[in-house]
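Beneath this line is the structure, given in structure tokens, with notes to follow.
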Amino acid sequence: MAWRTRFAPSPTGYLHLGHVVNAIHVWGIARAFGGDVLLRIEDHDRTRCREEYEDALLDDLDWLGFVPDVGRTDSFRRARVAPLETLRRREPRSQRQSDNDARYTAALAILTERDLTYVCTCTRRDIAQHAPHAPGAEPRYPGTCREARHAETESLARRVRTGEGVVTFDDRRRGLLQQSPVEQCGDVLVRDRHGQWTYQFAVVVDDMEHDIDVVIRGEDLLASTGRQLQLAALLGRERRLAWWHHPLLVHPDGRKLSKANRDTSIRDRRAAGAHAAALLGEAAFLAGLLPAARDLTIDELPSLFRQSTEFRDCPAGAFQQL
Ligand code: GLU
């Protein structure tokens with residue numbers, strides 16, 4: 001049976017070259033080594049996500065030629081106009097995080113029943129004052145509310161006693177890695193004081209719900225892997241999970257590209273007359289997957305990964321074994 005990976009963008013802006021690099025890895029590796037791709041819209045943060053961005057994202061994926069095996073772009077569009085019908089089929093609304101409140105609530109209840117969660121009344125400022133950290137570094141929750149036993153009504157915010165210890169995991173590209181979530185971030189926030197589910201929690205619950213075997217994502221999310229494995233273990237995940245963190249897109253002049261760089265927005269590039277194959281080739285080049293920018297078609301993606309030394313070093317059967 002095919003193993004499964006996912007493409008999980010957040011519609012907080014237009015699709016940009018960084019997303020394309022991730023999509024090239026996700027589809028390329030899946031197609032090269034016998035995996036399926038599931039599309040998930042990670043719009044858990046209702047303050048930053050917009051429907052307009054989701055529409056644009058679906059449209060840009062179609063235009064680029066990335067076709068998911070589970071959660072076709074069209075069914076996401078239909079889900080919005082015919083919610084009853086799609087609710088009955090459970091797909092793909094269950095792949096849009098803003099539709100999945102009941103799923104996250106149930107997962108939180110599992111942890112709460114085991115006394116693994118607590119109400120947290122700390123503000124960001126409280127945390128910064130208690131646990132000063134270098135600019136840009138991640139604040140570590142000092143555990144202020146851990147034993148406070150605040151009443152349920154005091155705040156919607158919930159944290160999980162994520163536990164001590166070092167987490168070891170096998171990144172198929174980088175080898176065995178170790179992280180210590182208790183030192184990195186302390187107890188993980190699963191719901192904030194406005195009642196919004198956090199990325200860390202939603203992604204773990206969904207990766208379980210969607211039977212994901214392999215997570216292929218940028219190295220900017222590498223620091224989250226240990227805590228996500230801890231959360232998954234607390235929720236009773238049994239299925240093995242493999243990781244592939246790929247390097248981020250860097251401009252030839254060394255600049256890191258971000259959503260703020262207008263030159264990387266697929267929307268703008270399309271409007272300026274760019275072709276899909278040229279954009280794919282440019283993204284692959286900027287990600288170090290091609291020696292020079294050239295037109296690249298979707299059908300060429302698997303060969304790109306089979307040929308690259310980095311991927312040749314990865315045990316070829318590693319993905320098939322899953
Ligand atoms: N939604 C996340 C993002 O757009 C990706 C989450 C993940 O791959 O774990 O950055």
Side-chain angles (χ1 to χ4, degrees), residues 3-30 35-50 53-54 56-58 60-61 64 66 68 70-71 76 92 94-100 104 138 167 169 171-174 177 179 181 184-185 188-190 196-232 235 237 241-249 256-261 264-266 283 287:
W3 51 268
R4 183 180 284 176
T5 185
R6 81 296 200 276
F7 181 65
S10 296
T12 53
Y14 290 114
L15 205 73
H16 59 89
L17 277 182
H19 288 115
V20 180
V21 166
N22 182 236
I24 287 176
H25 280 88
V26 168
W27 267 272
I29 294 173
D36 278 349
V37 179
L38 173 140
L39 175 63
R40 180 165 72 225
I41 301 294
E42 299 214 322
D43 60 348
H44 57 95
D45 183 345
R46 303 309 297 145
T47 56
R48 293 176 59 225
C49 294
R50 298 225 303 255
Y53 292 139
E54 181 186 313
L57 190 152
L58 297 171
D60 287 341
L61 280 182
L64 287 162
F66 290 110
V70 186
F76 275 95
S94 63
Q95 279 146 241
R96 187 185 285 127
Q97 291 187 326
S98 59
D99 293 326
N100 296 339
Y104 309 132
E138 184 178 18
V167 184
F169 57 93
D171 183 287
R172 300 290 162 123
R173 192 174 73 85
R174 303 176 40 144
L177 298 175
Q179 285 176 1
Q184 287 172 283
C185 60
V188 172
L189 188 70
V190 299
Q196 294 211 99
W197 301 102
T198 63
Y199 156 67
Q200 301 293 352
F201 191 58
V203 83
V204 169
V205 174
D206 284 341
D207 280 344
M208 287 174 71
E209 172 77 18
H210 294 150
D211 295 330
I212 299 302
D213 302 294
V214 185
V215 173
I216 300 168
R217 61 186 182 190
E219 278 179 341
D220 53 336
L221 290 168
L222 180 60
S224 292
T225 303
R227 71 198 70 166
Q228 290 178 6
L229 276 165
Q230 274 187 336
L231 271 177
L235 284 165
R237 183 181 172 114
L241 196 54
W243 307 86
W244 189 292
H245 291 94
H246 60 76
L248 298 181
L249 185 62
K256 193 178 152 227
L257 294 172
S258 74
K259 290 182 199 183
N261 295 111
T264 69
S265 149
I266 306 308

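Note that ligands are numbered from 1 as they come in the structure, with each ligand's atoms numbered from 1 the same way. All heavy atoms count here, side chains included; hydrogens, waters and symmetry mates do not. Quick note: residue numbers are just sequence positions, from 1.
- In the vicinity of Val203, heavy-atom distances shorter than 4.0 Å reach the ligand 1 atoms 9 (O).
- Every atom of ligand 1 with a heavy atom of Arg6 under 4.0 Å away is listed here by number and element: 7 (C), 8 (O), 9 (O).
- The option from Arg217, Arg40, Glu42, His245 that lies nearest to atom 6 (C) of ligand 1, judged by heavy atoms, is Glu42.
- Annotation: side chain of Leu61 is not in contact with side chain of His19 (no heavy-atom distance under 4.5 Å).
- Checked against salt bridge (Lys or Arg N to Asp or Glu O under 4.0 Å), Arg237 has no partners two or more places apart in sequence or in another chain.
- Arg227 has a carboxylate O that lies under 4.0 Å from a charged side-chain N of Glu138, or vice versa, which qualifies the two as a salt bridge.
- Within the structure, ligand 1 lacks Gln228 among the residues with a heavy atom less than 4.0 angstrom away.
- Residue pairs meeting the ring-ring contact (aromatic ring centres under 6.0 Å, His included) criterion with at least one member in residues 196-224, sequence neighbours excluded: Tyr104-Trp197, Trp197-Phe201.
- The distance from ligand 1 to the heavy atoms of Leu221 drops below 4.0 Å at these ligand atoms: 5 (C), 6 (C), 7 (C), 8 (O), 9 (O).
- Residue Tyr199 approaches ligand 1 through these ligand atoms, each under 4.0 Å from one of its heavy atoms: 6 (C), 7 (C), 9 (O).
- Gln97 is not listed as a side-chain neighbour of Val205, based on a closest heavy-atom distance of 4.5 Å or more.
- Between Arg40 and Asp207 there is a side-chain heavy-atom pair separated by less than 4.5 Å.
- Looking at Val215 against ligand 1, nothing comes within 4.0 Å, counting heavy atoms.
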